[in-house]
Trainee: 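Questions regarding the structure given below will be posed in turn.
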Amino acid sequence: QVQLVESGGGLVQAGGSLRLSCAASGSIFSINAMGWYRQAPGKERELVATINSAGVTNYADSVKGRFTISRDNAKNTVFLQMDSLKPEDTAVYYCNTVLRQTYYSALMTYWGQGTQVTVSS
């Protein structure tokens with residue numbers, strides 16, 4: 001079994017910063033990619049940023065230039081540095097990983113429990 005544990009959410013004023021962390025643990029053979037998604041009330045979950053095994057990153061247009069995704073491969077951890085936060089960034093942020101489990105070749109997707117980010121105006 002694989003688990004993702006998120007931390008770092010909270011309250012911040014517009015223009016402030018937060019750093020989210022997500023650590024994957026369990027029977028992990030290799031991680032194909034990790035990323036962050038977010039969901040606001042009444043809206044669909046949307047991609048925020050991803051980083052693959054080669055270190056290639058992808059960002060939603062709405063966060064380009066403000067958010068930075070990074071990883072610590074030794075600890076199976078992904079980070080999201082969020083700067084210049086705006087009220088429209090308010091949402092529950094979910095960590096996601098696509099990986100291969102030990103002794104099981106199929107790619108699997110796992111989600112974190114979600115962490116609330118609230119940006120006040």
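The shown structure was predicted, so the numbers you read here are calculated from the model rather than taken from an experiment. Heads up: numbering here begins at 1 and tracks the sequence.
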Trainee: Evaluate the criterion side chain to side chain contact (heavy atoms under 4.5 Å, CB included) for residue pair E46 and Q39; output intermediate values, then yes/no.
Mentor: CA-CA 6 Å; E46 64 176 352; Q39 186 169 21; over 6 Å; no
Trainee: Measuring from atom CG of N73 to atom NZ of K75, what distance do you get when rounded to the nearest 0.5 angstrom?
Mentor: 12.5 Å
Trainee: Please report the C-alpha distance between T109 and L99 in whole Å, then the side-chain angles of each, then the deciding distance to 0.1 Å, and finally whether the side chain to side chain contact (heavy atoms under 4.5 Å, CB included) criterion is met.
Mentor: CA-CA 7 Å; T109 300; L99 53 78; over 6 Å; no
Trainee: Decide whether Q116 and T118 meet the rule of one side-chain donor and one side-chain acceptor closer than 3.5 Å.
Mentor: yes
Trainee: Tell me whether the guanidinium CZ or amine NZ of R45 lies under 6.0 angstrom from the six-membered ring centre of Y94 and within 45° of its axis.
Mentor: yes
Trainee: Say you draw a straight line from CD1 of I31 to CZ of R100; how long is it, rounded to the nearest 0.5 Å?
Mentor: 12.5 Å
Trainee: Hey, does the side chain of T90 reach the backbone of E88 with a donor-acceptor pair shorter than 3.5 angstrom?
Mentor: no
Trainee: Would you compute the distance between atom CD of Q13 and atom OG of S120 and round it to the nearest 0.5 angstrom?
Mentor: 5.0 Å
Trainee: Tell me, with the steps shown, if T97 and L4 meet side chain to side chain contact (heavy atoms under 4.5 Å, CB included).
Mentor: CA-CA 8 Å; T97 184; L4 273 60; 3.5 Å; yes
Trainee: Where the side chain of Q81 meets the backbone of R19, is there a donor-acceptor pair that is under 3.5 Å apart?
Mentor: no
Trainee: Under the side chain to side chain contact (heavy atoms under 4.5 Å, CB included) criterion, do V2 and I28 qualify, and how do the steps go?
Mentor: CA-CA 7 Å; V2 174; I28 300 170; 4.0 Å; yes
Trainee: Please check this pair: side chain of S121 against backbone of P87, looking for a donor-acceptor N/O pair closer than 3.5 Å.
Mentor: no
Trainee: R38 side chain to V117 main-chain N or O, any donor-acceptor pair under 3.5 Å?
Mentor: no
Trainee: Can the ring centres of W36 and F67 be said to be less than 6.0 Å apart?
Mentor: no
Trainee: With no hydrogens and no angle check, do the side chains of N32 and S53 hold a donor and an acceptor under 3.5 Å apart?
Mentor: no
Trainee: For atom CD of Q3, decide whether the heavy atoms of other residues, nucleotides or ligands shown that lie under 6.0 angstrom number more than 12.
Mentor: no
Trainee: Would you mind reporting whether F29 and Y104 have side-chain heavy atoms less than 4.5 Å apart?
Mentor: no
Trainee: Taking all non-hydrogen atoms of both residues into account, name the closest pair between M34 and A24 and its distance.
Mentor: CE-CB, 4.4 Å
Trainee: For L20 and M82, work out which heavy atoms get closest and say how close.
Mentor: CG-CE, 3.8 Å
Trainee: Do you know the tightest heavy-atom contact between Y93 and V48?
Mentor: CE2-CG2, 4.2 Å
Trainee: Under 4.0 Å between a Lys/Arg side-chain N and an Asp/Glu carboxylate O for D89 and K86?
Mentor: no
Trainee: Are Y37 and F79 connected, step by step, through hydrophobic side chains (Ile, Leu, Val, Met, Phe, Trp, Tyr) whose heavy atoms are closer than 4.5 Å?
Mentor: no
Trainee: Are the side chain of Q1 and the backbone of G26 linked by a donor-acceptor contact shorter than 3.5 Å?
Mentor: no
Trainee: Any side-chain to backbone donor/acceptor pair from T115 onto G9? Under 3.5 Å, distance only.
Mentor: yes
Trainee: Rounded at 0.5 Å granularity, tell me how far CG in D83 sits from OG1 in T68.
Mentor: 6.5 Å
Trainee: I'd like to check T57 versus Y59 (side-chain heavy atoms, cut-off strictly below 4.5 Å). Are they in contact?
Mentor: yes
Trainee: Is there a path of hydrophobic side-chain contacts, each under 4.5 Å between heavy atoms of I, L, V, M, F, W or Y residues, that connects L85 with V92?
Mentor: no
Trainee: Tell me, do I69 and V78 make a side-chain contact under 4.5 Å, heavy atoms counted?
Mentor: yes
Trainee: Taking atom types as modelled and ignoring hydrogens, do the side chains of Y110 and Q101 form a donor-acceptor contact shorter than 3.5 angstrom?
Mentor: yes
Trainee: Once you round to the nearest 0.5 Å, how far does CG of L47 lie from CG of N96?
Mentor: 8.5 Å
Trainee: Of all the heavy-atom pairs spanning A49 and L80, show the shortest one and how long it is.
Mentor: CB-CD1, 4.2 Å
